[in-house]
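As a basis for the values below, the full set of heavy atoms in this structure was taken, side chains included, without hydrogen atoms, waters or symmetry mates.
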Amino acid sequence: HNAIHNNVQIRFKYFQYNVKKERVFKKGGNFYVVSPFAMLWDNENYYLVAFDAESGIIKHYRVDKIMHVDILKQPREGLALFEKIDLAAYSNKIFSMFSGEEQCVKLRCENSLISVVIDRFGKDITVIPDGENHFTFHADVMISPQFFAWIFSLENKAEILSPPCVIDDFKTHLRQVSQLYHP
């Protein structure tokens, strides 16, 4: 928060756990240097939204996996890119804060899922009736295993209609998981 307020960069180490429940630093233990812009709450976790100059994109990091934070004197970078982001829309596109390639997908759902769709994508989503029992809509989402898990959680009441590459990725994902149970 201090770095955001003072318009400066930060550096930190970022970790994940191994199977022994030990912290293992990513990037070989090297520091991440980013320009922080916002904090988001999603799925019971806080995330830092920051510009990573090394990759030239906005990224997010789980705050509870950040260690050894230092506030730097260098001014933040990436303001123009960050200003183009609608944070509410950004958090709706990313499922459980797992990012991927952004795609505009067309989905077909049973009418009983309208509240689920509005909760996920907001009231401004354009819904088109498709027969008496279904509707379709387009949404920009980050394609990730978590997006596929969300689709799967809707059982046979939701279907990805396009684009074909996302349908193919979903089928591949389903086959890979299915192989665990039916080799």
Side-chain angles (χ1 to χ4, degrees), residues 14-19 24 26-28 32 34 37-38 40-45 47-62 65 78 81-82 84-183:
Y14 198 59
F15 71 88
Q16 60 190 14
Y17 288 103
N18 65 17
V19 294
V24 177
K26 297 182 89 170
K27 288 178 58 167
Y32 287 66
V34 300
F37 283 100
L40 290 178
W41 175 257
D42 183 69
N43 200 25
E44 300 188 21
N45 292 296
Y47 291 85
L48 169 67
V49 179
F51 176 74
D52 178 349
E54 185 177 313
S55 62
I57 60 173
I58 300 289
K59 293 184 176 182
H60 51 270
Y61 307 89
R62 260 188 51 180
K65 293 186 176 186
L81 186 60
F82 179 75
K84 292 179 185 177
I85 294 176
D86 173 348
L87 279 179
Y90 178 80
S91 64
N92 284 341
K93 290 178 191 177
I94 298 177
F95 286 75
S96 299
M97 295 308 277
F98 281 82
S99 61
E101 181 183 351
E102 184 173 336
Q103 293 272 348
C104 178
V105 296
K106 181 177 182 182
L107 300 170
R108 180 176 188 259
C109 298
E110 286 187 8
N111 290 343
S112 62
L113 295 179
I114 189 63
S115 291
V116 173
V117 169
I118 289 172
D119 287 348
R120 165 52 66 186
F121 298 105
K123 287 183 184 177
D124 292 336
I125 195 87
T126 301
V127 173
I128 300 166
D130 184 14
E132 289 185 27
N133 300 317
H134 295 86
F135 63 92
T136 64
F137 67 98
H138 287 85
D140 292 328
V141 300
M142 299 290 192
I143 305 303
S144 68
Q146 287 65 32
F147 168 67
F148 293 150
W150 182 77
I151 292 293
F152 189 76
S153 75
L154 302 176
E155 300 174 334
N156 63 346
K157 297 177 183 179
E159 176 184 6
I160 303 168
L161 297 179
S162 68
C165 62
V166 173
I167 295 169
D168 291 344
D169 288 350
F170 186 56
K171 288 177 181 178
T172 299
H173 185 75
L174 290 173
R175 270 193 303 276
Q176 290 171 342
V177 172
S178 174
Q179 286 299 314
L180 294 173
Y181 301 96
H182 301 289

Within 6.0 Å of CZ in Phe82, more than 12 heavy atoms from elsewhere: yes
Heavy atoms of other groups near Lys27 NZ, more than 12 under 6.0 Å: yes
Please report the closest heavy-atom contact between [X] and [Y], naming both atoms and the distance.
| X | Y | result |
| --- | --- | --- |
| Asn111 | Glu132 | ND2-O, 2.9 Å |
| Cys109 | Val117 | SG-CG2, 4.2 Å |
| Val105 | Ile143 | CG1-CD1, 3.9 Å |
| Arg62 | Tyr14 | N-OH, 2.8 Å |
| Ile57 | Leu81 | CA-CD2, 4.1 Å |
| Ile125 | His138 | CD1-O, 3.2 Å |

Side chain to side chain contact (heavy atoms under 4.5 Å, CB included) partner of Phe135, chosen from Thr126, Asp130, Val127: Val127
So, taking the atom named [atom1] in [X] and the one named [atom2] in [Y], what distance separates them when rounded to the nearest 0.5 Å?
| X | Y | atom1 | atom2 | value |
| --- | --- | --- | --- | --- |
| Lys26 | Lys65 | NZ | NZ | 8.0 Å |
| Lys106 | Ile167 | NZ | CD1 | 10.5 Å |
| Leu107 | Thr136 | CG | OG1 | 9.0 Å |
| Leu161 | Arg108 | CG | CZ | 7.0 Å |
| Lys171 | Asp169 | NZ | CG | 11.0 Å |
| Leu48 | Lys59 | CG | NZ | 12.0 Å |

Full working for side-chain contact (heavy atoms from CB on, under 4.5 Å) between Phe51 and Phe37: CA-CA 8 Å; Phe51 176 74; Phe37 283 100; 3.9 Å; yes
Parallel, tilted or perpendicular, as decided by the 30° and 60° cut-offs, for the rings of His173 and Phe148: tilted
Student check: side-chain heavy atoms of Trp150 and Val116 closer than 4.5 Å: yes
Contact check, side chains of Ile160 and Phe147, non-hydrogen atoms, under 4.5 Å: yes
side-chain contact (heavy atoms from CB on, under 4.5 Å) between Asn133 and Glu110, worked out: CA-CA 6 Å; Asn133 300 317; Glu110 286 187 8; 5.8 Å; no
Pair Phe152-Val177, side-chain contact (heavy atoms from CB on, under 4.5 Å): steps then yes or no: CA-CA 12 Å; Phe152 189 76; Val177 172; over 6 Å; no
